[in-house]
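Because the structure is predicted, anything quoted here is derived from the model rather than measured. Atom set for the values below is all heavy atoms of this structure, side chains included, hydrogens, waters and symmetry mates excluded.
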Amino acid sequence: MGCGVTKSNQFNKHSGKAIRAAVLIQRWYRQYVARTEMRRRYTWHIFQSIEYSGEQAQIKLYNFLGYLMDNFTPSSNERNLISHIFRENEVCRDAEWERYFCYKNIEVPEIYSGPHLFFPLTVEQAVGLVEAFRNKKQLHSRYVLQLLAETWKLFRMMPNINRISTCQSKEITICGDLHGQLEDLLLIFYKNGMPSLEKPYLFNGDFVDRGKDSIEILIILFSFMLVYPSEVYLNRGNHEDHIVNLRYGFTKEVLTKYKLHGKRILKLLQKIFSWLPLATVIDQKVLVLHGGISDTTDLGVLTRVDRHNYVSALRPPKKRHISSTGTSIDSDDDVWGKSFQRRASLIYPKPLGTRDSFHSRSLQDFSDRIKGNSEDDLEVRRRRQSVFINRSTEKETTLTVSTESVSSDNAKEEWKQILDLLWSDPMSQDGCVPNEVRGGGCYWGPDVTEDFLNRHNLQLIIRSHECKQEGYEFCHNRKVLTLFSASNYYDVGSNRGAYVKLGPDLVPYMIQYQATSMTRELTVRQRVGRTERSALKVLREQLFAHKSDLICAFKKLDSNNTGLVSLNEWATAVESVMHLGLPWRMMRGQLVTCKTSDGTVDYNEWFNELAIKGPNTDHIDQSLLETLYRHRSTLETIFRIVDTDNSGFITIEDFRQTWKLLSVYLKMEITDEAISDLSVTIDRNKDGSIDIDEFMEAFRLTDKKSRLERGRSMFMGTAPDLTKLDEEPNI
Amino acid sequence: MAPKKKEEPKPVAPVAPPEPARPNTPEFDPTSVTLEFTPEQIEDFKDSFQLFDRTPANEMKITYAQCGDLIRALGQNPTNAEIMHVLGKPKPEDMQTKMLDFDQFLPIHQHICKSKNRGTYEDFVEGLRVFDKEGNGSVMGAELRHVLATLGEKMREDEVEQLMQNQEDPNGCINYEAFVKYIMGS
C-alpha cells in the first residue's frame with residue numbers, strides 16, 4: 001500500500017505467505033523447465049533420425065546403382081542410364097583440364113550488375129564479393145570459372161595435411177559446417193572480422209548442400225584463400241563430394257543459378273573437392289578434421305595418399321596407369337572390374353547383428369554372396385545415443401577380396417582411412433564400430449581417442465559433422481571438440497552455431513551465435529515450440545507416407561476388426577513400421593487427437609486427423625503414390641543422375657526407365673500403366689519431356705494445418721525419405 | 001532474522017532459508033508405497049525414463065540428479081526438498097554418481113503423485129497477490145525477481161530471467177493472473 005509500511009516490514013508481516021508463494025512459483029518454474037527440455041530433446045531426435053536416415057538412404061542408393069553396374073549387361077538400358085556417373089571425367093590429362101577450365105570465351109554482358117574480378121585477386125575484391133553476396137548479387141560464370149581455375153592451382157600444391165602454427169600472438173579462428181548458410185558466414189565475419197594477415201581462419205568442411213547459398217560460400221572461401229594463402233585453410237568434408245551433392249541440393253543449386261555453365265562449374269568443382277586437404281594440424285598438437293577417426297587411422301598413411309584419386313569418398317579409387325609419356329592418366333575403364341570386387345563389404349566385414357543394430361547395410365552390396373544372418377532382418381532401431389552397445393553377436397562374413405595384390409589392398413586401406421576421416425562420429429562407449437546410422441565411417445570411443453592422441457603426440461581433436469544445440473560440444477574427457485557453425489540448422493531456433501578461437505596456449509575459446517534476429521526475441525518456450533511444430537509436421541508427413549503399412553500393422557493388432565486400437569498398441573505398431581526409435585507415447589498427445597473416451601484410437605480416422613493432403617491424384621495408383629512420397633529424395637536423385645545433360649528435363653522414356661529402376665530397388669510392382677498415368681499428369685505440354693522440378697513439386701505433400709513459412713529448413717524443401725529398412729533388393 | 005513461520009520445524013540445513021510446511025517426516029521407505037499406476041501409465045513412464053537414460057549401454061538407469069527433472073517432466077511439481085526426501089536425503093556428491101533404475105523410480109514417483117500439496121491456480125494467484133501492493137492485479141517485475149532469487153528454493157539469476165522474459169509491460173509490471181496462466185500452460 002505504500003502508506004508508511006516499509007519494505008522490510010512488509011516482508012516480515014507476510015513472510016510466511018511470501019515464502020510459500022515463492023516456493024509455489026519456483027516449483028512450477030522447475031516443472032516448466034523440465035517439460036520444455038523434454039520436448040526439446042525429442043524434437044531433436046526427430047530431426048536427427050530423419051537426417052541420418054537420409055544419409056543412409058543415399059549410400060544405399062549409391063550401392064544399388066553400383067550393383068547395377070556390376071551386374072547388368074553393358075548394353076542394358078538401365079545401365080546406360082546411370083553409367084555416366086561412374087565414369088570418370090572423359091577429360092583425362094592435366095593439359096586438357098586446363099582447356100576445360102577455360103573461361104576466356106565467355107562474355108560478360110553489359111547489363112551484368114554483379115562484381116567483376118581481376119586476377120590476381122586483392123583483398124578489396126574479396127571483401128567486395130562478401131558485400132555483393134550480402135546484397136543478393138550473383139557472380140558471373142566467367143569469373144566463377146576463373147576463380148575455380150586459380151583455386152585448383154593452389155590446392156594442388158597443398159599437402160594432404162596442412163601444418164600450421166599460432167605463432168606469436170595470432171589466434172586462429174576455426175569454423176565448422178556451414179552448409180550453404182550464407183547468413184551464418186556473414187555473421188561470423190561481422191563478429192570476428194574477415195580473414196587477414198592477423199586473422200587466420202580454418203574452415204572444417206561441409207561448406208555446401210542443404211542451405212541455399214552454397215556456391216556463394218565457396219566463392220568467398222576460395223577468394224580469401226587466394227588472397228591469403230598462408231592464413232586461410234580449408235578441410236574437406238563429406239559433403240564436398242558430387243555424389244552426395246546430387247541428393248542434398250548443391251547440384252541443383254548450381255544448375256539453377258548457372259543455367260548455361262552450371263555443368264562445367266560442377267565438373268570443375270568435382271576436381272577441386274578431390275584436391276581439398278584432408279586435415280590440418282595446429283602447433284603439432286591439435287588435429288582438425290571434418291568427421292573423425294577410427295582405430296586404424298594413421299596420419300602417416302594419410303600424408304602419403306594421392307588424395308585427388310578420391311573424387312567421391314563413397315567410391316573406391318580408380319586405377320591409375322602411368323602412360324608411356326610419363327604423365328599419369330586416370331583410368332577410364334570399368335572401375336569395378338577386376339581390381340575391386342564389390343561383392344563383399346569393402347570396409348566392414350559384416351553388419352552388426354544385435355537387437356540394437358540399426359539397419360546394417362552400410363557400404364555393402366546386396367549380392368547373395370553375402371552371408372546374411374537372421375539378425376539382419378531385425379529392424380529395431382535405437383535412438384542415436386544408444387546405437388552402439390552389445391556387440392556380442394557380431395559375426396564375420398567372408399570377404400571375397402580380389403586376388404590382385406598389394407596394390408588393391410593398399411587402395412582399400414587408403415580408402416578406408418579417408419572414409420573414416422570424413423564420416424565418423426564419436427560415441428561414449430569404448431571401442432570402434434561401423435557407423436551404420438550414416439552408412440559410412442565409424443563410431444569411435446574414448447579409448448580410441450586416447451590411444452590415437454598418444455600415438456601421434458597430440459592433445460586435442462577438433463571436428464564437425466554433427467549438429468549440436470549449443471553449436472559445440474566436448475566429449476571424451478574434453479579431448480574431442482565438435483564444432484558446428486550452421487545455426488538454425490533443422491529449423492529456425494533449433495540450435496546455435498559456434499566458432500572457436502585458438503591461441504598459442506591451445507585452449508579453445510568458443511563463441512556462439514544464432515543467425516536470425518527473429519529468434520532473439522522469442523522466448524525459449526516459443527523457440528522450442530516452433531521447432532517442435534516443425535518436427536511434428538515432418539513426422540506427420542512421413543506417417544502419412546507409410547499409411548498402407550501402418551494400416552496393416554494396426555489391423556494385425558485389431559483382431560476383432562473394430563477399427564480401434566489401444567494407445568499402447570498404437571505406439572507399438574507405429575514404431576514397428578517407422579523404425580525411428582522415437583518416444584511415440586510421449587508425442588502421442590500431439591500426434592493423435594481423435595482418442596475416444598476410453599482411450600482407444602480409431603486408426604482410420606487418425607489418418608484424416610493427420611491433415612496431410614496430397615495433390616489431386618485420384619487417377620493414380622495409391623501404392624505408387626505412397627512410394628513417391630516416401631522416396632522423394634531418392635527418386636529425385638535418380639532423376640538428376642539420369643538427366644545427363646543437366647537440363648532439368650528428362651524424356652518420357654527415361655522417366656519410365658527410372659521408375660523401372662526404382663521398382664527393382666524397392667522390390668515393388670510398378671505397372672507400365674501406372675507409370676503412364678504419372679507421366680501424363682505431368683507432361684502437360686505433351687512434348688515428350690518432363691520437367692523434374694515440376695514433377696517433384698506436383699507430388700509434394702502439404703500440411704493442411706501448417707502456417708509455418710517455408711524457410712531454409714531442409715525439411716521444407718525436398719522432403720527426405722525414410723527409406724524403409726526392409727526394402728533392400730535381395731537380388 | 002528468522003521470520004515467523006507457522007508449522008515450521010527447525011531448518012533442515014544450518015543456513016537454509018526457511019522452507020514451507022513439512023512436519024518432521026520419517027525417512028522415506030519405498031517399500032511402503034503401493035503402486036497404483038495402470039499398465040498404460042507405466043509404459044508411458046518407461047518411454048520418458050528411456051529418454052533420460054544416458055548410460056552408454058542403455059541400462060535403463062538415471063542419476064539421482066535427473067530424478068527430479070524426470071518427475072517434473074511427467075507432470076508433477078514437487079519442491080526440491082520433497083525430491084531430496086524421497087531420494088533419502090543424499091549427499092551433494094552422490095547426486096551425479098548414484099543411480100536409480102526404473103523399478104526404484106516407480107515408488108518414488110508414486111509418492112510424489114499422491115502428494116496433496118500440488119498447488120492450484122487459485123493458490124498460485126493468492127500467492128502472487130501477496131506482492132500486489134496496490135491491489136490492482138499486478139505486481140512489480142523487479143520485486144518478483146527479487147523474491148524468486150532470495151526466498152524459498154532460490155532460483156538463479158538466469159533462471160529468473162528465463163521465467164520472466166517478455167512478461168513485464170513497459171512499466172515493469174506483470175499482470176499476475178495472466179502470468180500464472182502462462183506458467184501453468186506449459
Give the minimum heavy-atom separation between [X] and [Y], together with the two atoms involved.
X         : Y         : result
Leu51(B)  : Pro583(A) : CD1-CG, 4.2 Å
Met38(A)  : Ala73(B)  : CE-CB, 3.6 Å
Ala22(A)  : Val147(B) : CB-CG1, 3.8 Å
Trp584(A) : Asp47(B)  : N-OD2, 3.7 Å

Q: Return yes if some donor-acceptor pair links the side-chain N/O of Gln26(A) with the main-chain N/O of Leu148(B) below 3.5 Å, else return no.
A: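 Yes, Gln26(A) side chain to Leu148(B) backbone: donor-acceptor pair under 3.5 Å.
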
Q: Please confirm whether the backbone N or O of Gln76(B) pairs with a side-chain atom of Gln31(A), one donor and one acceptor, at under 3.5 Å?
A: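 Between the backbone of Gln76(B) and the side chain of Gln31(A) there is a qualifying donor-acceptor contact (under 3.5 Å).
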
Rounded to the nearest 0.5 Å, how far apart are [atom1] of [X] and [atom2] of [Y]?
X         : Y         : atom1 : atom2 : result
Glu43(B)  : Leu567(A) : CD    : CG    : 12.0 Å
Arg585(A) : Gln50(B)  : CZ    : CD    : 9.5 Å
Ile25(A)  : Phe179(B) : CD1   : CZ    : 6.0 Å
Tyr29(A)  : Met164(B) : OH    : CE    : 11.5 Å
Arg27(A)  : Arg72(B)  : CZ    : CZ    : 9.5 Å

Q) Going through the distances and angles, do Asp69(B) and Glu37(A) end up as a side-chain contact (heavy atoms from CB on, under 4.5 Å)? A) CA-CA 9 Å; Asp69(B) 289 333; Glu37(A) 174 58 19; over 6 Å; no

Is the count of non-hydrogen atoms from other residues, nucleotides or ligands lying under 6.0 Å from [X] atom [atom1] greater than 12?
X         : atom1 : result
Lys46(B)  : NZ    : no
Asn477(A) : CG    : no
Glu157(B) : CD    : no

Q.
Between Arg30(A) and Glu159(B), is there a side-chain heavy-atom distance shorter than 4.5 Å?
A.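 Glu159(B) vs Arg30(A): side chains touch.
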
Q. Most heavy-atom pairs under 4.5 angstrom with chain A, which of Leu74(B), Leu128(B), Asn80(B), Ile71(B)?
A.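 Most pairs with chain A among the choices: Asn80(B).
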
**Q.** Toward chain A, the part of Leu144(B) with a non-hydrogen atom under 4.5 Å
**A.**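 For Leu144(B), side-chain heavy atoms alone lie under 4.5 Å from chain A.
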
